[in-house]
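Chain A is the first sequence line, chain B the second, and so forth, proteins listed ahead of strands; every chain is numbered from 1.
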Amino acid sequence: MKKTRISDILIFVFLVALSFVFLIPIITVVANSFKDKFSISQTPFVLPNSTTFSGVENYINGIADTGFPSAFFWSLFITLSSVGVIVLFTSMTAWYITRNKTRFNKTLYYLFVFSMIVPFQMVMFTMSKIANLLRLDNPFGLIFIYLGFGAGLSVFIFSGFVKSIPISLEEAAIIDGCNVFQTFWHVVFPMLRPTAITVAILNTMWIWNDYLLPYLIIGSDYKTIPIAVQYLKGGYGSVDMGAMMAMLVLSIVPVVTFYLTCQKYIIKGVAAGAVKG
Amino acid sequence: MRYASKRWFSVFVLPTFVAFSIAFLIPFIMGLYLSFCEFRTVSDANFVGFENYIRAFSANGDFLNALWFTVRFAFAAIIVINVIAFLLALMLTRGIRGTNLFRTVFFMPNLIGGIVLGYIWQLIINGILYNYGYSITSNATFGYWGLVALSSWQMIGYMMVLYIAGIQNIPTAILEAARVDGATPLRTLRSIIIPSVMPSITICLFLTITNSFKLFDQNLALTAGAPAKQTQMVALDIYNTFYGRVGYEGVGQAKAVVFFILVAVVALLQLYLTRSREVEN
């Protein structure tokens, strides 16, 4: 039986206070999204009252200004498709290049690792010109580009795990008459599943929130949520603070919902993804 | 062992390789070359040698200011984030009641995107400063500490999770032995916990350094560089050089190459320094 120590009680009180500090920004934004737009900037820490309460007006204005439903759809479509494509193709690639150590494959592996530290600005201009030239400037082309950008981290994580799988299982499958494709799908991929969840979560967190890449590639025709939020700031002389608050809340709700339902996997995935580094 | 024959290459590797080439490899090589050229689009390049690099530093002080601001920001952010994250990890590995709930709360901001984070903190900081007659763009110091606060709020939870994983990996036998031998908590921390979590420290430093240097969305949303570009970080300066005015594409690309080399050198140096302190356990 563990006895409760004084220091533990003090730490507990401290953590409660700190949790509150961590939640203040989110609570503030939610509260302000229900205030009329003129009473937000100056008194953000005052809860809405009978004179400042504006109901869902901010939400109606914000949705009308930004086209939020369509932004939500594109964000969801691009994120889900890209993550699916990344998990599928990079797991195959990682397994293949880890098991076939030709000079080309080894070089490719190091290029994938190398790409992780290169800042986006290095390839930003040339990449968006090439994407334009190849007609990749649409949501489907963007998914393909995300495969290229996501490949570095994803191949790296998958490779780290493939190295720990005993090769004898794959040999047995080959001897039993599986071809390479069947061996991967029926023997290797099931063992990669926990890693696949890690890769999926890390890529989801990145792609859902990504602003600059989709803005440069498809921003003028298709808005994702971050682009829609930024548009609210850029598109007008003065920002409608009410609409802005409502859009911030609408952007946070899907993320927090995703987090609270998949929390176990997210935290595990984040920890597992880093250990391999 | 090479049982996967050549013909499977096109199924397993080719799609990823083509996407990787188009999104990264080719643009990277073109970017290196174009940094020595004058160009508007990518097809009208004229070789000009190091002129872009010279102009990047001499045309105006923007780039040097942005570099200096980025380094100062990264320095503060890396220390604040890692110290707080590590302390929280220590507190959350003692079996205190509510540990899971605390972890959930501290990690949550990490899921929110940079643009949204920027506007949330703009509201908070402006709300506080309004009482004193200022706003976040009236003084670069406000923007600086605003960015530090924002990044801390965003990244502390992530690093905390990594430190928790590191601390939980320490064999309890070692900690028991230290306790039996009469080691004080501080001594245990210095001689056992910190050396054992060096791999976590390596990865956390690596992630905070690269993330802090590359920060863009948060910078754009919080201050967009105001006042007078004083809070503009390197990534935003490069973006503005490319898209701000015509004729500076080459300069933007040269800045990007310098930026890439800076990030690579700092990241590799840090990996080398902390890796050498890792112990086998």
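Nearest heavy atoms, B/Val161 versus A/Ala271: CG1-CB, 4.1 Å. The shortest non-hydrogen separation linking A/Ile97 to B/Val13 is CG2-CG2, 4.0 Å. In plain terms, the two heavy atoms of A/Tyr259 and B/Arg103 that are nearest each other are OH-O, 3.9 Å.
Within the 4.5 Å cutoff, the side chain of B/Val105 has no heavy atoms near those of the A/Leu18 side chain. At least one side-chain heavy atom of B/Asn110 sits under 4.5 Å from a side-chain heavy atom of A/Met205. Put simply, the side chain of A/Ile9 does not reach to within 4.5 Å of the side chain of B/Ile96, judged on heavy atoms. B/Val116 has its side chain out of reach of A/Met247: every pair of non-hydrogen atoms, C-beta onward, lies at least 4.5 Å apart. Taking the side chain as every heavy atom from C-beta outward, A/Lys233 and B/Gln122 approach each other to under 4.5 Å. Contact of the B/Tyr119 side chain with the A/Leu232 side chain is not registered, since no non-hydrogen atoms from C-beta on lie closer than 4.5 Å.
With ring centers used as reference points, A/Phe12 lies under 6.0 Å from B/Phe102. Taking the ring centroids of A/Phe149 and B/Phe20, they lie at or beyond the 6.0 Å cut-off. Residues B/Phe28 and A/Phe125 keep their aromatic ring centres 6.0 Å or farther apart.
Considering A/Phe181, A/Tyr96, A/Phe89 as possible partners of B/Val11, the one that fulfils the side chain to side chain contact (heavy atoms under 4.5 Å, CB included) test is A/Phe181.
Of the atoms belonging to B/Leu34, it is side-chain heavy atoms, and not backbone ones, that fall under 4.5 Å from chain A. Of the atoms belonging to A/Phe14, it is side-chain heavy atoms, and not backbone ones, that fall under 4.5 Å from chain B. For a residue to count as touching a neighbouring chain, one of its non-hydrogen atoms must lie under 4.5 Å from one of that chain's; by this rule B/Pro15 touches chain A with backbone and side chain alike. For B/Ile29, no part lies near chain A; criterion is any non-hydrogen pair under 4.5 Å. Residue B/Leu129: no heavy atom, backbone or side chain, is found under 4.5 Å from chain A. Using a 4.5 Å cut-off between heavy atoms, A/Ile86 makes no contact with chain B at all. Proximity to chain A (any heavy atom under 4.5 Å) is restricted, for B/Phe17, to the side chain, taken from C-beta onward. Contact of B/Leu32 with chain A is made through backbone and side chain together, with heavy-atom distances under 4.5 Å. When heavy atoms are compared at a cutoff of 4.5 Å, B/Tyr239 approaches chain A by way of both its backbone and its side chain. Looking at B/Val263, only its side chain comes within 4.5 Å of chain A, counting heavy atoms on both sides. For B/Val18, the parts lying near chain A are the backbone and the side chain together; criterion is any non-hydrogen pair under 4.5 Å. Proximity to chain B (any heavy atom under 4.5 Å) is restricted, for A/Ser128, to the side chain, taken from C-beta onward. Residue B/Leu25 touches chain A through its side chain alone, counting heavy-atom pairs closer than 4.5 Å.
Side-chain atoms of A/Asn209 come within 3.5 Å of backbone N or O of B/Leu111 as a donor-acceptor pair. Distance alone, capped at 3.5 Å, places no donor-acceptor pair between the A/Gln121 side chain and the B/Phe259 backbone.
Within the model, atoms CG of A/Leu10 and CE of B/Met91 stand 10.5 Å from one another, a figure rounded to the nearest 0.5 Å. With rounding to the nearest 0.5 angstrom, the OG1 atom of A/Thr126 is 5.5 Å from the CD atom of B/Gln253.
Of the residues considered (A/Asp210, A/Leu248, A/Leu15, A/Val123), A/Leu15 shows the highest number of contacts with chain B, using heavy-atom pairs under 4.5 Å. Annotation: maximal heavy-atom pairing with chain B below 4.5 Å, among A/Thr28, A/Leu212, A/Val29, A/Ile252, occurs at A/Leu212. When the candidates A/Ala94, A/Ala131, A/Pro25, A/Ser251 are compared by the number of heavy-atom contacts under 4.5 Å with chain B, A/Pro25 comes out ahead. Here A/Ile11 is the residue among A/Val85, A/Ile145, A/Ile11 with the most heavy-atom pairs under 4.5 Å with chain B. Across A/Ile130, A/Leu216, A/Val118, the residue that shares the most heavy-atom pairs under 4.5 angstrom with chain B is A/Val118. Each of A/Leu260, A/Asn105, A/Thr43, A/Asn179 has some count of heavy-atom pairs under 4.5 Å with chain B, and the biggest count is that of A/Asn179.
Between B/Phe24 and A/Phe114, the ring planes lie perpendicular to each other; the angle is over 60°, past the 30° to 60° tilted range.
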